[in-house]
Every structure is written in C-alpha cells, then in structure tokens.
Enquirer: 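My questions will all concern the structure given below.
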2 protein chains.
Amino acid sequence: MDMISALTAFSALSQQTRLEAFRLLVTTGDAGMSAGEIAEALEVRQNTLSANLSVLLQSGLVRNQREGRVIRYFADTDGMRGLLGFLLEDCCGGQPELCQPLIEDLTCGEGPCA
Amino acid sequence: MDMISALTAFSALSQQTRLEAFRLLVTTGDAGMSAGEIAEALEVRQNTLSANLSVLLQSGLVRNQREGRVIRYFADTDGMRGLLGFLLEDCCGGQPELCQPLIEDLTCGEGPCA
DNA sequence: TAATCATATCCATAATTCATGAATTATGGA
DNA sequence: TCCATAATTCATGAATTATGGATATGATTA
C-alpha cells in the first residue's frame with residue numbers, strides 16, 4: 001500500500017458514519033449487509049449513507065455486489081490487511097524490537113483483542 | 001479505545017504531513033525528533049508543522065517532551081496499539097476465522113511486513 | 001407496460017479543514 | 001537584561017467535505 005492509498009483509507013475511516021459502517025461490515029463478515037440494512041442500523045438517510053459507502057468503496061476497505069435490487073456490501077479483508085501493514089511497515093523496518101510486542105498483543109486467542 | 005478516540009486518530013492520520021511525520025517518528029523510535037528537525041525533513045513551515053503536530057498529540061499517537069529550547073516528539077506506542085486493537089476488535093469478536101490469518105500476516109519476522 | 005422498491009447521483013448549502021503570516025511564549029547565552 | 005532561537009497560538013481566507021431534498025437509474029413484480 002502506498003502513501004496515497006493509506007491517506008485515502010484513513011480519511012475514509014475518519015468520519016463517524018463511515019467508521020460505524022465499516023465496523024458493522026467487519027462483524028458481519030462474509031454475510032455482508034445491504035445498503036438499506038446498514039442505513040437502518042445506523043439511522044442515517046439513504047442518500048447520505050450511499051455517499052459514505054461510496055467513499056469506503058473507493059478507499060478499498062469495502063467491496064459491494066449487486067444482488068437483484070439490493071446491493072450488498074462487505075468489508076474487504078485485503079484492504080484492511082494493506083492498511084495494517086502500512087501502519088506497521090516502518091515499525092517493523094526501523095524498530096522491530098518495538099514492533100513485535102505490539103503485534104503480539106493483537107492475537108485474538110485469549111481475552112479481548114487489545 | 002472508544003469510537004471518538006479512534007475517529008480522532010484516523011482523522012489525524014488522514015493528512016499527508018501528519019502521516020509522514022508520524023511514520024518518521026515511528027522509524028526514529030526512542031530517539032524521537034525535534035519539531036524543527038521534522039519540519040526540515042518534511043520541508044514544511046514551522047507553524048504549519050506545529051499545528052499538525054498538535055493534532056497528532058491530541059490524537060494520542062504522539063508524545064512530546066521539552067529539552068531546553070527544543071521540543072522532542074515521539075511516536076506513542078500505546079496509542080498505536082490502541083488504534084490497531086480498535087480496528088481488529090470487531091474482527092476478533094465477530095469473525096476470528098477471518099481475523100487470525102490477517103494478524104498472522106503482520107509479523108515482522110520474515111521478509112517485508114505486509 | 002406500469003408500478004414499485006433499492007440505490008445512486010445531482011445540486012445547493014452548511015460545516016469543517018488547511019496553510020499561512022503575524023504575533024506571542026519559552027528557553028538559553030552574552 | 002538583551003538578544004537570538006525554537007516553537008506555539010491566533011485570525012483569516014481558500015478549499016474541501018458533509019448533508020438533505022429532489023431526481024435518476026436499475027431491477028422486480030403485477
């Protein structure tokens with residue numbers, strides 16, 4: 001992931017409706033959620049959400065797929081991985097002794113994630 | 001980390017000068033860098049950088065410390081960990097089978113980070 | 001074909017963000 | 001105390017972004 005993509009992704013996540021939508025999509029995983037369901041869950045107007053989903057799409061953090069009349073959205077795992085990698089890249093390159101314990105904290109295994 | 005803090009952090013990272021400054025501070029680790037050195041490295045005016053550093057400070061991603069006339073800035077590992085945890089939290093809670101491989105990719109061990 | 005449902009797009013307005021120059025504060029040395 | 005240096009704060013205007021109403025598109029059903 002390059003700097004521009006990272007900026008776009010961070011910018012996409014720096015707005016409440018979008019961050020909430022993204023988290024929602026992360027929790028629903030492969031099932032995803034239709035635009036309408038997301039709008040209802042977050043209590044935002046349809047057109048406002050649509051605009052925000054389009055920002056998330058462009059950031060690569062979210063994918064979508066038309067299913068008949070409905071358009072279903074999904075968190076994009078690759079996009080998320082790219083962003084996490086970008087954040088940790090310098091850390092790993094420059095300061096692995098700082099970085100490794102930071103990563104080890106992030107395992108899902110035991111207890112809450114972080 | 002709560003939603004507001006995460007929004008603040010993402011917003012802080014969604015601007016080029018700030019993202020570059022943050023990455024710079026990550027690579028310098030415990031050594032940190034003075035405001036002037038950062039401004040010089042990034043070729044931005046002192047007051048512009050100062051405003052941007054203050055945004056990073058408030059986001060918790062960066063700390064600072066006065067040393068005589070100089071103010072030295074450092075990446076805040078705890079802040080970074082909090083943000084990563086926030087991103088992965090839902091993933092771990094809701095979709096550990098998606099999340100774990102994503103995390104495993106992030107080890108510093110072999111090759112580039114991501 | 002007409003009606004309807006789910007989304008997206010267009011447009012205007014409101015709100016936010018950003019870089020800049022000028023002024024200010026804090027520190028250390030002569 | 002005076003001066004120079006390091007950095008911050010403040011006010012401003014330009015640019016960007018968010019929002020909501022209206023409308024358009026695209027897919028299904030009757």
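Numbers restart at 1 for each chain; the letters A, B, ... are given by sequence-line order, proteins then strands. All values below were derived from every heavy atom in this structure, side-chain atoms included, with hydrogens, water molecules and symmetry-related copies excluded.
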Enquirer: Do the non-hydrogen side-chain atoms of B/D76 and B/L25 ever get within less than 4.5 Å of each other?
Expert: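 With C-beta onward as the side chain, the pair stays apart.
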
Enquirer: Residues from residues 60-69 of chain A sitting under 4.0 Å of DNA chain C, heavy atoms only?
Expert: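 Of all residues in residues 60-69 of chain A, the ones placing a heavy atom under 4.0 Å from DNA chain C are A/R69.
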
Enquirer: Nearest whole angstrom, please: distance from the C1' of C/dT7 to the CG of A/L56.
Expert: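 Distance, rounded to whole Å: 16 Å.
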
Enquirer: B/R23 versus A/M3: any side-chain heavy-atom pair under 4.5 Å?
Expert: yes

Enquirer: With a 4.0 Å heavy-atom cut-off, tell me which residues in residues 16-39 of chain B come close to DNA chain C, sorted by residue number.
Expert: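 Contacting residues: B/R18.
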
Enquirer: Want to know the stems of DNA chain C: at least 3 consecutive Watson-Crick or G-U pairs with distances under 3.5 Å, which are they?
Expert: C:1-30 with D:1-30

Enquirer: Among residues 2-13 of chain A, which residues get a heavy atom nearer than 4.0 Å to DNA chain C?
Expert: none

Enquirer: Rounded to whole Å, please give me the gap between CG in A/N52 and P in C/dA8.
Expert: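 Taking atom P of C/dA8 as the reference, CG of A/N52 is at 11 Å.
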
Enquirer: C/dA6 base to A/Q46 side chain: any donor-acceptor pair below 3.5 Å?
Expert: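 It does not, because no donor-acceptor pair links the side chain of A/Q46 to the base of C/dA6 below 3.5 Å.
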
Enquirer: Distance under 4.0 Å to a non-hydrogen atom of chain B counts as contact; along DNA chain D, which nucleotides mark the start and end?
Expert: D/dA4 to D/dT9

Enquirer: Under the rule for side chain to side chain contact (heavy atoms under 4.5 Å, CB included), what residues qualify as partners of B/R45, not counting sequence neighbours?
Expert: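 Checked B/R45 against side chain to side chain contact (heavy atoms under 4.5 Å, CB included); matches are B/N47, B/T48.
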
Enquirer: Among A/L87, A/T8, A/L83, A/D78, find the one that has a side chain to side chain contact (heavy atoms under 4.5 Å, CB included) with A/M1.
Expert: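 That would be A/L83.
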
